[in-house]
There are 4 protein chains.
Amino acid sequence: MSPGRYPEPTVDGVADWWTTSVTRIAPGEVEHRGVPVQDLIGTTDLVSAMWFLVRGDQPSPGEARLLEAALVASMDHGPQAPSIAIARMAMTCGVGINNAMASAVNTLGDSHGGAGQQCVELLNDVVAGSASAGSLREAADVVLTRWRSRSPYIPGFGHRFHPRDPRRDPLLGLVAKAKAEGTVDGAHLAAALEVESLLAEGRERPIPMNIDGATAVIYAELGFEPELSRGFFVLSRSVGILAHAWEERQGGRRNKGPIPPSILPTYRAPAPTERTGDA
Amino acid sequence: MSPGRYPEPTVDGVADWWTTSVTRIAPGEVEHRGVPVQDLIGTTDLVSAMWFLVRGDQPSPGEARLLEAALVASMDHGPQAPSIAIARMAMTCGVGINNAMASAVNTLGDSHGGAGQQCVELLNDVVAGSASAGSLREAADVVLTRWRSRSPYIPGFGHRFHPRDPRRDPLLGLVAKAKAEGTVDGAHLAAALEVESLLAEGRERPIPMNIDGATAVIYAELGFEPELSRGFFVLSRSVGILAHAWEERQGGRRNKGPIPPSILPTYRAPAPTERTGDA
Amino acid sequence: MSPGRYPEPTVDGVADWWTTSVTRIAPGEVEHRGVPVQDLIGTTDLVSAMWFLVRGDQPSPGEARLLEAALVASMDHGPQAPSIAIARMAMTCGVGINNAMASAVNTLGDSHGGAGQQCVELLNDVVAGSASAGSLREAADVVLTRWRSRSPYIPGFGHRFHPRDPRRDPLLGLVAKAKAEGTVDGAHLAAALEVESLLAEGRERPIPMNIDGATAVIYAELGFEPELSRGFFVLSRSVGILAHAWEERQGGRRNKGPIPPSILPTYRAPAPTERTGDA
Amino acid sequence: MSPGRYPEPTVDGVADWWTTSVTRIAPGEVEHRGVPVQDLIGTTDLVSAMWFLVRGDQPSPGEARLLEAALVASMDHGPQAPSIAIARMAMTCGVGINNAMASAVNTLGDSHGGAGQQCVELLNDVVAGSASAGSLREAADVVLTRWRSRSPYIPGFGHRFHPRDPRRDPLLGLVAKAKAEGTVDGAHLAAALEVESLLAEGRERPIPMNIDGATAVIYAELGFEPELSRGFFVLSRSVGILAHAWEERQGGRRNKGPIPPSILPTYRAPAPTERTGDA
């Protein structure tokens with residue numbers, strides 16, 4: 001039963017294959033990271049519980065409130081966001097609400113929300129670089145040049161729709177306040193503002209931080225690794241996805257397409273040379 | 001371009017196709033159900049914001065705390081839950097964390113978490129029936145008989161692993177307290193306790209409420225429609241899914257199967273009659 | 001390590017947990033249902049291999065060709081199908097082509113393609129009923145009455161877009177030919193035509209079989225269980241999903257919404273009474 | 001309704017937003033790439049139809065047979081493949097067969113099947129490089145060095161389970177035959193054999209091509225772009241996913257975890273220093 005190149009399997013080895021520090025269960029017991037679940041229920045707020053379960057350490061109240069602001073800010077941006085439209089269409093296809101949410105969450109990829117993850121990386125690079133560079137400005141310049149060589153988009157800055165994202169100011173205001181209170185050290189906020197200022201240079205219209213950038217400042221200040229910040233964005237946007245899925249359910253439509261059925265997608269016939277024979 | 005049986009399409013009709021009351025955007029503006037997003041950031045806790053975005057009304061602080069307890073209680077049950085194992089395996093296949101979460105969330109179906117939705121229905125049935133029946137007990141008896149005719153499982157009661165689910169008592173305790181404070185009326189709590197008592201009759205080992213049942217009491221007391229309670233369970237379990245996906249990422253394994261590679265699944269050869277020829 | 005109520009675990013028990021008759025692997029060996037994979041490669045056509053792997057028996061050439069026709073016929077219906085639109089939008093969000101395909105396949109639910117599964121059930125019911133009923137017509141009438149009591153839609157009949165689905169005639173023609181050749185017995189074809197005729201009675205415009213109905217006839221004639229026929233539909237529609245995902249990739253768009261960004265979804269403000277306070 | 005920076009929207013613009021060359025529908029008509037669907041049904045084999053729908057050109061019979069061999073070869077590798085285990089577990093959670101297939105397909109990422117896509121890129125690089133390099137060997141050496149600097153894995157070569165993948169020889173044999181018949185030019189086959197030979201140098205145990213490598217040779221010889229070859233792999237593996245989902249359904253298990261319920265995952269308690277407070 002066991003192929004030759006592996007050690008002899010044991011039941012303990014099977015248990016070890018699924019080793020975890022997140023949750024321990026035993027008959028009548030559920031423990032999260034060493035704490036019985038009944039000690040969390042009714043005593044711990046959701047945001048602190050999320051932080052604790054995922055990271056394993058405890059946030060201070062100030063840290064939890066900063067994370068909470070990021071989570072509240074990213075919940076939804078309406079049906080023009082592909083994930084939201086997908087949730088609504090899926091909901092009309094005769095699947096469960098969990099399935100509709102999954103099809104939607106699945107699309108929160110590198111260019112749809114994933115910009116936050118990349119922006120955390122970018123800010124980490126600037127902060128790390130500023131130690132050796134002469135100044136924060138110099139470090140930001142180096143990092144920007146590197147990112148621009150890879151893509152025309154600087155993650156977390158600029159918005160194709162909002163000249164100035166209304167979520168930028170309140171989020172950055174909370175970070176500034178948290179720095180003043182000693183909750184965070186403000187290094188990533190300073191880095192982000194430096195990048196924003198560099199991007200605006202020589203332009204009539206600036207390229208201000210967007211929601212991905214402003215929440216990236218929070219995640220970075222709180223010490224979230226870049227990919228984990230994407231995970232928290234998924235939790236936040238899942239709320240908007242649920243809100244829209246539920247609204248669509250109440251409308252009762254079946255098999256909703258992307259545009260009204262009275263409009264047919266334009267058909268672009270293949271050029272004759274594209275065809276090499278008959279079917 | 002427009003097929004005959006539909007009215008002439010208009011741009012307004014296209015805008016109407018995606019009508020929503022959840023979120024309004026305009027350049028520089030994001031509004032959730034009539035409230036500018038900047039008025040929510042930093043002032044509204046996550047649970048109240050979730051409730052507001054999804055349902056459109058405002059919870060009282062007591063209602064929000066009850067919902068919060070349900071969300072904290074259901075976050076995780078470890079890798080033996082299919083959704084958690086799926087999240088962890090997906091994470092080793094070279095996909096994004098959003099993709100791993102989606103594969104997992106997708107499986108929170110009728111028998112994996114969906115029991116909560118069914119239990120809300122069952123409790124609603126008992127409460128509705130108690131108006132016409134002579135007593136709550138009678139109503140519960142009628143409803144139980146009906147459910148038993150469909151399935152051997154009564155959703156929300158009994159657990160294949162826990163003799164008594166450790167999350168039951170703290171959750172029901174909070175509901176009882178909320179009833180005492182006038183936050184909820186307690187009708188669904190009473191219904192659930194009646195069902196639990198009926199199920200225990202004549203048995204040596206009772207069949208106490210499990211996590212799905214105890215949270216169903218909360219969702220039902222708060223007036224969540226059954227399917228929406230499933231949606232909120234998805235939000236809660238997404239936290240555990242993220243915690244495990246992230247833990248697996250840090251382990252760095254590639255293409256993790258369900259059991260160690262040293263063990264091969266048993267192969268059950270087809271009976272000769274099952275084969276009708278050669279391939 | 002093992003909770004009390006279960007038997008002592010063994011490594012063999014772990015291997016048995018994943019027992020399968022589909023595939024056996026050993027170092028240097030891959031065997032599908034008893035046949036070495038190298039005996040299938042280059043000798044077996046894809047449709048016969050699909051049938052063999054999934055069902056475990058071998059189709060005759062005539063059976064394979066009938067299944068092939070069903071698979072070719074259902075590949076695509078353009079971007080107004082939710083699954084296709086979802087695949088295309090997902091593709092612009094920075095995820096892999098497998099992820100875009102998954103978000104799309106996920107929506108092939110009870111009302112989007114799942115009608116085929118239900119139609120197989122309906123046809124099975126009519127065929128089974130015709131044994132005891134006086135006539136096929138009587139059996140069809142009984143079954144139709146039962147289905148109508150549950151839903152206004154009779155699965156597999158009528159199309160919101162096509163007055164007559166162009167895929168109906170060629171598919172039914174192939175089934176009739178297969179009956180003439182003794183490949184199938186034609187009982188489900190007869191049942192479907194009887195239902196079609198009953199549905200047309202007293203109506204000016206008939207309600208002809210659609211693609212779901214015509215392929216359901218094939219699946220039912222070939223002895224596929226209803227849910228399995230949905231599985232094969234998923235395989236077929238996955239081809240169209242891939243075609244559209246790939247076309248969208250080549251266009252290079254980022255974060256494609258359901259309608260052009262120049263159009264904003266209509267916002268329906270909540271009625272004043274819906275609001276119960278400030279956020 | 002239309003935000004300022006976009007051109008005035010029109011209904012034609014909405015139709016154009018969903019422009020496609022894959023499928024045209026009109027009442028009573030379905031046309032794939034200029035061919036009425038009824039001309040494909042019963043006349044075109046599934047593999048040629050797949051190629052035609054996705055790529056838009058027609059394969060020769062020899063090309064279609066080569067693609068068919070790749071599709072038949074990759075269908076399944078048993079429950080130790082994460083995607084297969086996921087499909088089976090999902091199937092027990094009370095979701096549809098399409099949902100179970102989606103959760104599984106979703107995990108065919110960069111390290112689970114995606115190696116084929118990367119191997120096509122690698123082979124393309126070697127072939128392209130051989131024009132300027134002095135020899136194929138030299139080109140292969142340059143490309144291998146570059147890939148090795150990025151990852152310890154050379155995609156398409158070596159297998160953690162099979163010393164020699166049983167699918168390698170029959171697939172490469174078919175490519176060699178196709179080259180002899182003039183169906184393909186054999187450049188990518190030569191490149192792959194050169195890489196294999198380079199990898200074996202100085203080693204006691206060679207690192208032969210695996211299924212991803214052997215099918216990559218076929219996709220590359222047939223001119224499939226790398227990402228598209230992943231798409232076709234998804235179609236192929238979807239068959240195995242369905243076979244296992246269906247087998248699991250017939251077993252009737254509910255909420256199947258990755259290991260028998262008698263085994264609990266090992267709990268690794270956090271080190272004291274990891275904890276920063278009480279929950």
Side-chain angles (χ1 to χ4, degrees), chain A residues 1-5 8-15 17 25-28 78-96 99-100 102-115 153 160-161 247 254-261 263-265 267-268, chain C residues 1-5 8-15 17 25-28 78-96 99-100 102-115 153 160-161 247 254-261 263-265 267-268:
Chain A
M1 192 181 54
S2 160
R5 50 208 289 202
E8 194 59 30
T10 63
V11 167
D12 281 352
V14 173
W17 185 249
I25 62 169
Q80 276 285 37
S83 56
I84 298 297
I86 286 171
R88 299 189 72 125
M89 291 196 290
M91 205 63 184
T92 68
C93 294
V95 299
N99 305 125
S103 273
V105 157
N106 204 31
T107 65
L108 299 173
D110 285 344
S111 60
H112 185 23
Y153 302 98
R160 60 178 184 176
F161 183 78
E247 188 182 56
R254 272 168 67 98
N255 291 337
K256 175 179 181 153
I259 51 177
I263 306 180
L264 290 179
Y267 177 66
R268 191 186 57 207
Chain C
M1 190 182 50
S2 160
R5 51 208 289 203
E8 193 59 30
T10 63
V11 168
D12 281 352
V14 173
W17 186 248
I25 63 169
Q80 277 284 37
S83 56
I84 298 297
I86 286 171
R88 298 191 72 126
M89 291 196 290
M91 205 63 184
T92 69
C93 294
V95 299
N99 305 125
S103 273
V105 157
N106 204 32
T107 65
L108 299 174
D110 284 345
S111 60
H112 184 24
Y153 300 97
R160 60 178 184 177
F161 183 77
E247 187 182 55
R254 272 167 68 98
N255 291 338
K256 175 180 182 153
I259 50 177
I263 307 181
L264 290 179
Y267 178 66
R268 191 186 56 207

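Labels below follow one simple rule: chain letters A, B, ... track the order of the sequence lines, proteins then strands, and each chain is numbered from 1. Heavy-atom basis, side chains included; hydrogens, waters and symmetry copies ignored.
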Quiz item: Going by heavy atoms in the side chains, are Asp110(A) and Val95(C) under 4.5 Å from each other?
Solution: no

Quiz item: Looking at Pro258(C), Ser111(C), Gly257(C), Gly94(C), which has the largest count of heavy-atom pairs under 4.5 Å with chain A?
Solution: Ser111(C)

Exercise. Would you mind telling me which of Met91(C), His112(C), Arg88(C) has the largest number of heavy-atom pairs within less than 4.5 Å of chain A?
Key: His112(C)

Quiz item: Glu247(C) versus Arg268(A): any side-chain heavy-atom pair under 4.5 Å?
Solution: yes

Exercise. Flag the one option from Gly109(A), Gly96(A), Gly78(A) with the top tally of heavy-atom pairs under 4.5 Å to chain C.
Key: Gly109(A)

Quiz item: Taking side chain as C-beta onward, heavy atoms only, is Arg254(C) less than 4.5 Å from Arg160(A)?
Solution: no

Quiz item: Taking the side chain from Thr107(C) and the backbone from Cys93(A), do they hold a donor-acceptor pair closer than 3.5 Å?
Solution: no

Quiz item: So which part of Ala90(A) gets closer than 4.5 Å to some heavy atom of chain C, the side chain, the backbone, both or neither?
Solution: both

Self-check item: Engaged part of Tyr153(A) at the chain C interface, taking heavy atoms whose separation is under 4.5 Å
Solution: side chain

Exercise. Would you indicate whether the side-chain heavy atoms of Met89(C) and Ile86(A) approach each other to under 4.5 Å?
Key: yes

Exercise. With rounding to the nearest 0.5 Å, note down the distance linking CD in Gln80(C) to CG in Leu264(A).
Key: 7.0 Å

Exercise. Could you list the residues that satisfy side chain to side chain donor-acceptor pair (under 3.5 Å) with Asn106(A), not counting sequence neighbours?
Key: Asn99(B), Ser103(C), Asn106(D)

Exercise. Look up atom OG in Ser83(C) and atom CG in Asn255(A), then write down how far apart they are to the nearest 0.5 Å.
Key: 9.0 Å

